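This structure is a prediction, so every number in the text was calculated from the model and none was measured. So you know, we letter chains A, B, ... as the sequences are listed, proteins then strands, and number each from 1.
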2 protein chains.
Amino acid sequence: MRKRVGLREVAKAAQTSIATVSRVLNNTGYVSEESRQRVLEAVRQLNYQPNLRAKGLRQRYSRTIGLIIPNLLNAYYTALADQISLLLHQEGFQLLLSSTRDEVEIERNALQKLIGHDVDGLIWVPTAPDEQLLEHLYSQHIPTVCIVRQVRGGRLDAIVFEDFKGAKAATQALLKAGHRRIGYIGGDVCYSSNYDRWQGFLQAMQEAGIPTDECCVRLGALRSEWGAKAANELLSLKPPPTALFVASNAIMPGVIKTLRAHGIEIPRHISLICFDDLDWFSFSQPPISAVATSHTHLAQACVELLLRRIHGEDEDLPQPYLRQISFELVLRASIAPPPQNQNTG
Amino acid sequence: MRKRVGLREVAKAAQTSIATVSRVLNNTGYVSEESRQRVLEAVRQLNYQPNLRAKGLRQRYSRTIGLIIPNLLNAYYTALADQISLLLHQEGFQLLLSSTRDEVEIERNALQKLIGHDVDGLIWVPTAPDEQLLEHLYSQHIPTVCIVRQVRGGRLDAIVFEDFKGAKAATQALLKAGHRRIGYIGGDVCYSSNYDRWQGFLQAMQEAGIPTDECCVRLGALRSEWGAKAANELLSLKPPPTALFVASNAIMPGVIKTLRAHGIEIPRHISLICFDDLDWFSFSQPPISAVATSHTHLAQACVELLLRRIHGEDEDLPQPYLRQISFELVLRASIAPPPQNQNTG
DNA sequence: TAAACATTTTGAACGATTTCAGATGGGCGC
DNA sequence: GCGCCCATCTGAAATCGTTCAAAATGTTTA
């Protein structure tokens, strides 16, 4: 196996003790210029690299943060992860990544592994964890920030988007264009974000005095395949909806493919809006409307919060701390009046 | 600060020694049923979680793999990272993630940190590291697999795509459609993948007997902004190219936006092909042709290779091991004969 | 009684930091 | 010149939470 060079070797090469070497490397305590030079030379010669695990073991922190997200295929999460990684690296933290595929068992395992690796903090997109798992986490007293989704019971810090408000605004945009029969394709409401968006949709419909047709609401997996299936189902309704609200970008590709396959034109035959903006929405033909959320802001906020918790600079923070990141409604050409109203619109 | 419960506490609670506790937890050596039960009970009571850092320190491995990639914004890398993460988790490894932003200094720092965290192996999308950094890495004897790009000098394992062949095939597809004035928009050739693609393009042109017009070749950053700039420049040439080969998906959005902004129709005014397929290429209007590379295969291959190196099951592997992952040319409606030939095609 | 066996404890690693006690030498008052 | 204090420098030893080899303690069996 591979043999690492440690303080011992360096000390021997520099003809001094490991304590002195440590002092040189950390600029702590007294050390003569002469030995300092000898040590530095030895370090260079031997290509010595301090073992951060041993260091952390002694100092009782790891300078490591665990990030738990469903996957790295959704632009929604990758943009977040990218920004979080960047910010944490700037602060000298290393990122331990785990993806859960939205499965509780994998999530449990990931959480345990990260705790075991002694992370200083956790950033977590939770699924719908059970009480036992939560108790286990609480008992470890690891600073934890939930993002994107919240955990029922609310003992954990959470930074989420304005799901309810954003979904409501999106729905109202469709209503304003004259649509009354609106299809909703979303993710499983066991996750708080999906639930809140769904509720936002329902609320907007209710306020507009439109009885919600259960048939027009489709809740399923956050995957392209689900989008295709749900879109197919909605299109076969009589009459089909004149507008679609797709509640997650992960679902979008399937929806678009299905519409194209049916030869349906946007927005002539059907209007479209999506929760969360993607780069290609803007230069798609037609450009697609979206509830644009700022991943940068969320990343910034969660890193800032987590660091304060870790460093104990959180006397003035509520426990737990909750925050919503605002959105922007980006209206593009994918929304038009419904077909039968087109002449009057 | 937070106080973790260790073997010591568990041993005390179970009224035995830490060694016995350790043996219970690892199912190793002799231990009576009686004490086993007492220990398990204590573990449950105290919510004990073994400290993997201390464990690894003693056992001389960390069950941790470092992944160094430019960023998590490019679907190119995220698909890879997702698959790699999945495979490694299945093998019980944790992933330490670092993004370099393609900057050597950040890369150097990331590499040092990962070495310091005592990773068992490294998966690395290298930029263009200097000799000193490489020597430092070599001296640590950490199993390392470069992916997507290779390192000059070639002492490291590498698994890359068929950049040269793929680029050549893409160019030939355009040539076959009748194009002779083809624009090339690519990334900085200091990275091996960009260099090879560029060479593949040049070779195809040369074999077709077409003198390469330097003006039609644009090499820059792997970013959307660069795509916009380069496309603008190429369009203002007299005459402008009748086809474009975009050598990275990261560049694509800028190119498309620019074409749309100029009111240029694909493929009527200009044909288009891109290296690396993205999901929206298939349902874009028109669908965009691409050199489709299999990230799944690359991920699979690199994890497999790395694990063999780590476990020392690599007697029959060349040193270094090099491999190319094959591609598939996906021709879609974005390619048509050049404008002046359109009637004859 | 010794050998064989099961079970447990002890103590030394692992690779760092940190505390503490000592060594050395200079300055200062007497 | 002597004693004393202080600043500077050093190395031995404890510590972090584990594993592991060896020794110790019982308990049977030959």
Side-chain angles (χ1 to χ4, degrees), chain A residues 1-40 42-43 46-64 112-113 115-120 140, chain B residues 1-39 42-43 46-64 112-113 115-120 140 142:
Chain A
M1 238 345 28
R2 114 176 170 261
K3 192 166 56 186
R4 288 204 43 157
V5 358
L7 275 190
R8 235 172 297 272
E9 278 92 311
V10 176
K12 193 178 294 175
Q15 298 175 66
T16 178
S17 71
I18 56 173
T20 303
V21 177
S22 174
R23 263 182 301 242
V24 170
L25 292 173
N26 299 319
N27 275 324
T28 165
Y30 293 112
V31 51
S32 70
E33 191 51 31
E34 199 181 357
S35 8
R36 148 169 279 111
Q37 287 309 326
R38 269 199 326 248
V39 167
L40 289 178
V43 164
L46 297 172
N47 249 318
Y48 168 78
Q49 225 7 243
N51 184 327
L52 298 178
R53 258 186 321 161
K55 177 171 182 156
L57 187 58
R58 177 65 225 251
Q59 300 192 315
R60 330 208 43 159
Y61 62 70
S62 66
R63 306 242 85 189
T64 276
Q112 281 185 353
K113 278 280 169 51
I115 291 171
H117 275 291
D118 216 5
V119 292
D120 294 336
Q140 306 292 328
Chain B
M1 240 334 43
R2 119 174 166 262
K3 190 166 59 186
R4 289 206 41 158
V5 354
L7 278 189
R8 232 172 298 272
E9 278 92 312
V10 177
K12 193 177 295 174
Q15 300 175 65
T16 178
S17 72
I18 54 173
T20 303
V21 178
S22 173
R23 256 171 297 127
V24 169
L25 293 172
N26 300 319
N27 274 324
T28 164
Y30 296 110
V31 52
S32 70
E33 191 51 32
E34 199 182 359
S35 11
R36 148 168 280 113
Q37 287 310 325
R38 268 201 324 253
V39 167
V43 164
L46 298 172
N47 248 318
Y48 166 78
Q49 207 39 223
N51 185 326
L52 298 178
R53 257 186 321 162
K55 179 171 182 154
L57 184 60
R58 181 62 231 252
Q59 302 196 147
R60 331 207 43 162
Y61 62 74
S62 65
R63 305 243 84 189
T64 277
Q112 282 184 352
K113 278 279 168 52
I115 292 172
H117 275 291
D118 216 4
V119 292
D120 294 336
Q140 306 292 329
I142 298 178

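Distances shown here put every side-chain N or O of B:Ser22 at or beyond 4.0 Å from the OP1 or OP2 atom of D:dC20. In this model, the phosphate group of D:dC20 is not approached by any side-chain N or O of B:Thr28 to a distance below 4.0 Å at OP1 or OP2. Taking 4.0 angstrom as the limit, A:Tyr30 places a side-chain polar atom (N or O) nearer than this to OP1 or OP2 of D:dT8. The shortest distance between the side-chain N/O atoms of A:Gln59 and the OP1/OP2 oxygens of C:dT18 is below 4.0 Å. The phosphate of D:dG17 (OP1 or OP2) has a side-chain N or O of A:Arg60 nearer than 4.0 angstrom. Contact annotation: B:Ser17 side-chain N/O to C:dT10 OP1/OP2 distance is not under 4.0 Å. An OP1 or OP2 oxygen of D:dT10 is reached within less than 4.0 angstrom by a side-chain nitrogen or oxygen of A:Ser35. Between A:Asn51 and C:dC14 there is no side-chain N or O to OP1 or OP2 distance below 4.0 Å. Phosphate proximity of C:dA16 to A:Tyr48: present, with a side-chain N or O under 4.0 Å from OP1 or OP2. For A:Ser32, a side-chain nitrogen or oxygen approaches OP1 or OP2 of D:dT10 to under 4.0 Å.
Projected onto DNA chain C by closest heavy-atom contact, A:Arg23 and A:Leu7 fall at different nucleotides, the more 5' of which corresponds to A:Leu7. Ranked by how close their nearest DNA chain C nucleotide is to the 5' end, B:Thr20 and B:Ala54 are led by B:Thr20. Toward the 5′ end of DNA chain D lies the nearest nucleotide of A:Arg36, the other residue of the pair A:Leu57 and A:Arg36 mapping further downstream.
Here the P atom of nucleotide D:dT18 and the OH atom of B:Tyr61 are 14 Å apart, to the nearest Å. Here the C1' atom of nucleotide D:dG17 and the CZ atom of B:Arg4 are 9 Å apart, to the nearest Å. Rounded to whole Å, the distance from CG on B:Leu52 to C1' on D:dT19 is 13 Å. What separates CD of A:Gln15 from P of D:dC9 is a distance of 19 Å, to the nearest Å. For A:Glu33 and D:dC9, the CD to P distance is 9 Å, given to the nearest whole Å. Straight-line distance from the CD atom of B:Glu34 to the P atom of D:dG26: 15 Å, rounded to whole Å.
If you check every strand for non-hydrogen atoms under 4.0 Å, B:Ile18 touches a base. Using a 4.0 Å heavy-atom cutoff across all strands shown, A:Arg53 reaches no nucleic acid atom at all.
In this model, a side-chain donor or acceptor of A:Arg58 finds a partner on the base of C:dT17 within 3.5 Å.
Looking at heavy atoms from C-beta onward, A:Leu52 lies out of side-chain contact with A:Arg63 at the 4.5 angstrom threshold.
B:Val39 and B:Val10 make their closest contact through O-CG1, 4.3 Å (heavy atoms, listed as atom of the first residue, atom of the second, distance). Here the closest heavy-atom approach between residue A:Arg4 and residue B:Ile115 is recorded as NH1-O, 3.1 Å. A pairwise comparison of heavy atoms in A:Ser17 and A:Ala11 identifies C-CB, 3.7 Å as the closest pair.
Side-chain N or O atoms of A:Thr28 include none that pairs as donor or acceptor with a backbone N or O of A:Arg23 at under 3.5 Å. Of the possible polar contacts, none joining the A:Gln140 side chain to the B:Tyr48 backbone as a donor-acceptor pair under 3.5 Å is found.
Taking the side chain of A:Asn26 as heavy atoms from C-beta on, and the options C:dT10, C:dT17, D:dG17, the nearest nucleotide is C:dT17.
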